[in-house]
Amino acid sequence: MTQICVTSRVSFEDGSIDYRFTRAGGPGGQNVNKVETAVELRFDLAGDRLLPEDVKVRLRQLAGRRLSGQDILIIQAQRFRSQGLNREDAFARLLALIERAAAVPEARLPSMPSGSARRRRMEVKKLRSATKATRGAVRADDG
């Protein structure tokens, strides 16, 4: 089995990928009824030993409904009328998905409003309160 490098720290085994071919729907004339051009790429996520565990966790989240119950990532490609191009398309989409999963999300640091922002907010609230305070009911002795 060969090793496929996605980034400097992320790689996976070529043996974890399995291709299945089916007949594609859509345009293609007589060709569409004879040739199996649609590709179903199956990537065994649980069986791959080289992919780091943190990348696998993020990949499971990104995969969504493309992940089967047996932890197999399924990518279907039938955009092209050629089996070879569809195979390349499916593989490129797998690589893009793994690259996205390999990117470690930055931890969000909670921020606080500055002192001047708090003061401005309180001033606006006081002005608004004063405006609303003048909107009381009209009394008989005022008019």
Is Leu62 reachable from Ile17 through a run of hydrophobic residues whose side-chain heavy atoms are each under 4.5 Å from the next? yes
Looking only at heavy atoms, what is the nearest atom pair of Leu73 and Leu67, with distance? N-CD1, 3.8 Å
Residues two or more places apart in sequence or in another chain: which of them pass salt bridge (Lys or Arg N to Asp or Glu O under 4.0 Å) with Asp44? none
Validation row: Thr22, Val39 side chains within 4.5 angstrom (heavy atoms): no
Members besides Leu85 in its Ile/Leu/Val/Met/Phe/Trp/Tyr cluster (side-chain heavy atoms under 4.5 Å): Phe80
Which residues pass the salt bridge (Lys or Arg N to Asp or Glu O under 4.0 Å) test with Arg120, sequence neighbours left out? none
Side-chain donor-acceptor pairs under 3.5 Å in residues 127-134, sequence neighbours left out?
unit_1: Thr131; atom_1: OG1; unit_2: Leu127; atom_2: O; d: 2.9
unit_1: Thr134; atom_1: OG1; unit_2: Thr131; atom_2: O; d: 2.6

Correct closest heavy-atom pair for Glu36 and Phe21 would be OE1-O, 3.4 Å
Going by the rule salt bridge (Lys or Arg N to Asp or Glu O under 4.0 Å), which residues pair with Arg119 if we only count those two or more places apart in sequence or in a different chain? none
Quick one: list whatever passes side-chain hydrogen bond (donor to acceptor under 3.5 Å, both in side chains) with Arg100, sequence neighbours left out. none
Would you mind listing every salt bridge (charged side-chain N to carboxylate O under 4.0 Å, His left out) that reaches into residues 53-77, with sequence neighbours excluded? Arg9-Asp54, Glu53-Arg60, Asp54-Arg58, Arg60-Asp71
Co-membership, hydrophobic cluster, residues Leu59 and Val57, 4.5 Å side-chain: no
Check: Ile75 and Phe43 side chains under 4.5 Å, non-hydrogen atoms: no
For residues 101-116, tabulate all N or O donor-acceptor pairs below 3.5 Å that involve a side-chain atom, not counting sequence neighbours.
unit_1: Ser114; atom_1: OG; unit_2: Ser116; atom_2: OG; d: 3.3
unit_1: Ser114; atom_1: OG; unit_2: Ala117; atom_2: N; d: 3.3

If the condition is side-chain hydrogen bond (donor to acceptor under 3.5 Å, both in side chains), which residues does Arg93 pass it with, not counting sequence neighbours? Asp89
Of all residues at least two apart in sequence or in a different chain, which pass the side-chain contact (heavy atoms from CB on, under 4.5 Å) check with Lys125? Arg121, Met122
Test of understanding: with side-chain contact (heavy atoms from CB on, under 4.5 Å), list the residues that count as partners of Ile74, not counting sequence neighbours. Glu40, Arg42, Ser68, Ile72, Gln76
